[in-house]
Amino acid sequence: MDIIEAIGKRKSIRDFKDDPVPQNVLREILEISCRAPSAMNTQPWEFTVVAKDTLDSMRQAAVDKLTAGEKPRSEHCVAGWPSDSVYRLRQIELAKSLFQLMDIKKEDADKRSQWIERGFRYFNAPAAIIICVDRMLAEGTPIFDIGAVTQTICLTALHYGLGTCIEEQGVMYPDIVRKFCNITEIKQIVIAIAIGYPNWDFPANRLETPRESVDTVTRWCGFE
Ligand SMILES: Cc1cc2nc3c(=O)[nH]c(=O)nc-3n(C[C@H](O)[C@H](O)[C@H](O)COP(=O)(O)O)c2cc1C
């Protein structure tokens with residue numbers, strides 16, 4: 001797949017077929033993605049790929065905590081926008097579009113919590129990639145690099161017919177991830193990527209999220 005086509009085609013996938021992803025395919029995706037740039041070639045990413053019974057146990061444990069009312073909180077929080085900001089407005093627009101496609105009404109508390117649960121279930125993906133960084137690195141320093149490798153994984157996955165969803169929800173009970181994936185305390189758990197073959201019949205997978213126009217987000221200096 002041509003790179004421009006891949007960038008245009010990548011989108012978040014929030015339901016997957018049951019088909020497992022072969023380990024060698026996941027390995028190849030990671031090998032290719034490690035070509036991502038990093039500050040001074042430090043390559044601060046560390047992957048844990050999880051599937052089958054281990055992933056199922058993680059899904060169940062996370063949903064149990066959620067149902068018990070334990071507040072989810074990741075070790076590297078990516079959310080938290082001022083309530084009167086454009087960022088919050090974009091977040092609301094996203095939720096509205098997803099709920100419309102999924103036919104979830106604002107007042108339907110059950111369906112809304114089922115939707116939230118879906119993220120903690122890794123969107124039923126047959127595999128998830130957990131990305132960690134060593135805590136010896138200063139807080140926030142490797143995040144640019146992690147972003148670069150994360151997007152590279154998502155783009156590379158398309159070549160194999162796979163879909164992905166980058167998800168903070170997948171690491172919002174870090175103690176569970178740590179326990180089932182055997183991740184030591186010296187590693188900070190940053191982000192998860194749900195990965196698998198997309199279920200194209202799932203309404204939310206039809207979503208095409210909008211983007212601001214380049215003119216809105218770009219200033220040109222030194223041009224006519
Ligand atoms: C750092 C990061 C964290 C995200 N966390 C979640 C998440 O927890 N749950 C979810 O449904 N989507 C999550 N997403 C996906 C975004 O909602 C999605 O990328 C955005 O709406 C743009 O849509 P697109 O990926 O389809 O282009 C996350 C994306 C990023 C980059």
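Remember, it's 1-based here, ligands and their atoms both numbered in the order they're listed. Values in this document were obtained by computation on a predicted structure and should not be read as measured data.
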Under 4.0 Å, heavy atoms only, figure out whether ligand 1 is touched by the backbone of Met172, its side chain, both or neither. neither
Arg10 near ligand 1 by a heavy-atom separation under 4.0 Å: yes
Contact with ligand 1 for Arg211, non-hydrogen, under 4.0 angstrom: yes
Subset of ligand 1 atoms that lie under 4.0 Å from at least one heavy atom of Gln169: 7 (C), 8 (O), 9 (N), 10 (C), 11 (O)
Thr209: numbered ligand 1 atoms lying under 4.0 Å from its heavy atoms: 22 (C), 23 (O), 24 (P), 26 (O), 27 (O)
For [Y], is there an ion pair with [X] - N to carboxylate O distance below 4.0 angstrom?
X      : Y      : value
Arg178 : Glu185 : yes
Lys17  : Asp15  : no
Glu93  : Arg90  : no

Counting non-hydrogen protein atoms only, what is the nearest one to [atom]? Give residue, atom name and distance.
atom                    : value
atom 16 (C) of ligand 1 : Arg14 NH2, 3.8 Å
atom 25 (O) of ligand 1 : Ser12 OG, 2.6 Å
atom 30 (C) of ligand 1 : Ile166 CG2, 3.7 Å
atom 21 (O) of ligand 1 : Leu94 CD2, 3.4 Å

Indicate whether atom 4 (C) of ligand 1 is within a distance of less than 4.0 angstrom of some protein heavy atom. yes
Does either side chain, that of [X] or that of [Y], offer a donor lying less than 3.5 Å from an acceptor on the other one?
X      : Y      : result
Tyr160 : Glu28  : yes
Thr216 : Ser213 : yes
Gln43  : Ser38  : no

Do any nitrogen or oxygen atoms of Lys11 lie less than 3.5 angstrom from nitrogen or oxygen atoms of ligand 1? no
Check: Phe123 N/O within less than 3.5 Å of ligand 1 N/O: no
Residue pair Lys187 / Glu75, side-chain heavy-atom distance below 4.5 Å: no
Aromatic rings Trp115 and Phe202: how do their planes relate, parallel, tilted or perpendicular, breaks at 30° and 60°? parallel
